[in-house]
Amino acid sequence: MNILITGSNGQLGNEVRVLSALHPKHQYFFTDVVETAGVVVLDITDRSAVSAFVESHCIDLIVNCAAYTNVDKAEEDEATANKINAEALSVLGGQGVRVIHVSTDYVFSGDEHVPCRESDAVAPRTVYGASKLRGEKLLLATCPEAVILRTAWLYSSFGNNFVKTMIRLGREKESLGVVFDQIGTPTYAADLAEAIFTIIESPVWKSGVYHFTNEGVCSWYDFTLAIHELAGITECHVRPILSEEYQYKTPRPHYSVLDKSKFKKTFGVDIPHWMDGLRRCMVLLKG
Ligand SMILES: NC(=O)c1ccc[n+]([C@@H]2O[C@H](COP(=O)([O-])OP(=O)(O)OC[C@H]3O[C@@H](n4cnc5c(N)ncnc54)[C@H](OP(=O)(O)O)[C@@H]3O)[C@@H](O)[C@H]2O)c1
């Protein structure tokens, strides 16, 4: 297959690039809104540019790793968040090829007490979450064969993320307050990339919405303790604090655990625990 990857400079896009080396039977076209080594420019909001690219490279499948991911900035710039996270999905979905797209736990309210299933009611509380939900709907309307993977708490050795921030703060500060009343599942973007290749290599195409994170649950506080332990940071005292003490600009879900049963059953795979993913990521960060 000729596979177009969008948002290739991001956390997930980079992990897909790394993993593509293990799947050499396909031809890959790595793109992003900014040109970098091995990545050509393609703005997913530019309908004519996307159509021209898909046609001239005989694309069979689009893997959309591009997104507007700054949750706080989205509150102030709703138009751009909608353009990239929502309207662009009708551009990608309208190309007449299959699409694998990534969405978010933020489509849910975050008030749940049990892991969310794909069929559960959605109720985004943020501009980011609402824009991602609109994107899901526009994609399914324009490309009924699409696969949508909802994920959460993504980190990687590429890009900026919570893991890197906690390592930096742990080395700079003697004491650090981290919230313990938000529960979710840290997800190593390399494992999400693996899930994308599981879908690509599946003998039968199985469209639909799926939840995918690593296994297990924790709070941001527990996650930070694990990060510091693996990074060998011993001088920083990590304190559990409540969300209300942290002064978030944008509301954060209190409970955003995703039920992954459908993905595991459909594709017949096990998913690594979040500690296992974190260990593998830390090896790369230390190296
Ligand atoms: N990060 C998380 O914790 C998290 C949680 C749940 C779901 N997700 C979802 O997971 C997916 C991957 O997230 P990620 O963390 O890998 O994102 P990321 O690191 O922010 O990467 C997104 C990439 O898309 C690029 N991009 C932005 N606008 C574009 C456009 N118009 N055309 C082409 N490329 C564009 C970005 O470029 P610039 O940086 O230059 O804008 C960036 O390189 C996204 O769909 C996100 O919504 C993420």
Side-chain angles (χ1 to χ4, degrees), residues 4-19 29-36 38-47 49-50 53 62-74 77 79-92 99-108 110 116 124 126-136 139 146-165 182 184-193 195-196 209-214 220 223 250 252-253 256-258 274 277 281:
L4 164 61
I5 320 290
T6 61
S8 303
N9 292 332
Q11 298 190 86
L12 177 60
N14 268 293
E15 297 290 3
V16 170
R17 280 173 83 185
V18 169
L19 209 53
F29 299 90
F30 295 102
T31 66
D32 198 287
V33 73
V34 173
E35 188 176 356
T36 53
V39 173
V40 299
V41 172
L42 184 64
D43 181 342
I44 61 166
T45 66
D46 186 339
R47 190 177 289 273
V50 172
F53 196 99
I62 299 172
V63 177
N64 182 35
C65 303
Y68 186 106
T69 53
N70 190 318
V71 174
D72 290 333
K73 266 173 89 179
D77 192 2
T80 309
N82 267 314
K83 203 171 170 203
I84 298 168
N85 290 343
E87 288 151 32
L89 271 301
S90 74
V91 173
L92 300 178
V99 178
I100 299 176
H101 172 59
V102 181
S103 190
T104 171
D105 56 327
Y106 275 61
V107 298
F108 296 109
C116 296
T126 59
V127 166
Y128 168 74
S131 70
K132 294 291 288 186
L133 180 59
R134 275 192 64 214
E136 288 187 6
L139 178 59
V147 171
I148 296 174
L149 284 175
R150 290 185 186 139
T151 192
W153 293 30
L154 216 54
Y155 67 90
S156 162
S157 58
F158 298 101
N160 292 319
N161 51 58
F162 185 84
V163 173
K164 290 187 182 177
T165 303
Q182 291 173 30
T185 310
T187 302
Y188 186 23
D191 290 339
L192 178 59
I196 288 171
V209 178
Y210 298 91
H211 288 173
F212 184 92
T213 63
N214 279 122
W220 291 111
F223 190 28
T250 317
R252 294 295 197 268
S256 63
V257 178
L258 300 178
W274 68 262
C281 184

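Atoms within each ligand, like the ligands themselves, are counted from 1 in listed order.
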Return the residue, atom name and 0.1 Å-rounded distance of the protein heavy atom closest to [atom].
atom: atom 16 (O) of ligand 1; answer: Leu12 N, 2.9 Å
atom: atom 28 (N) of ligand 1; answer: Ile84 CD1, 3.7 Å
atom: atom 33 (C) of ligand 1; answer: Leu42 O, 3.4 Å
atom: atom 38 (P) of ligand 1; answer: Val33 CG1, 4.5 Å
atom: atom 31 (N) of ligand 1; answer: Asp43 OD1, 2.8 Å
atom: atom 19 (O) of ligand 1; answer: Gln11 N, 3.0 Å
atom: atom 32 (N) of ligand 1; answer: Ile44 N, 3.0 Å

Does even one non-hydrogen atom of [X] get within less than 4.0 Å of ligand 1?
X: Tyr128; result: yes
X: Ser103; result: yes
X: Cys65; result: yes
X: Thr6; result: no
X: Asn14; result: no
X: Gly13; result: no

Counting only heavy atoms from other residues, nucleotides and ligands, does the tally under 6.0 Å from NZ of Lys83 exceed 12? no
Return yes when atom CG of Asn160 has more than 12 non-hydrogen atoms of other residues, nucleotides or ligands closer than 6.0 Å, and no otherwise. no
Provide the number and element of each atom of ligand 1 under 4.0 Å from a heavy atom of Val102. 9 (C), 10 (O), 11 (C), 45 (O)
Heavy-atom distance to [atom]: which of [options] wins?
atom: atom 37 (O) of ligand 1; options: Val41, Asp32, Asn9; result: Asp32
atom: atom 27 (C) of ligand 1; options: Ala66, Gly10, Ala67; result: Ala67
atom: atom 2 (C) of ligand 1; options: Val39, Thr69, Leu154; result: Leu154

Angle between ring planes, [X] versus [Y], binned at 30° and 60°: parallel, tilted or perpendicular?
X: Trp153; Y: Trp220; result: parallel
X: Tyr188; Y: Tyr155; result: parallel
X: Phe162; Y: Phe223; result: parallel

Output yes when Arg252 and Asp72 qualify as a salt bridge under the 4.0 Å nitrogen-oxygen rule, no when they do not. yes
Select one of side chain, backbone, both or neither to describe which atoms of Lys132 lie under 4.0 Å from any atom of ligand 1, heavy atoms only. side chain
Nitrogen or oxygen atoms of Val34 and ligand 1 under 3.5 Å apart: no
Ignoring angles and geometry beyond distance, decide whether Thr151 reaches within less than 3.5 Å of ligand 1 through its nitrogen or oxygen atoms. no
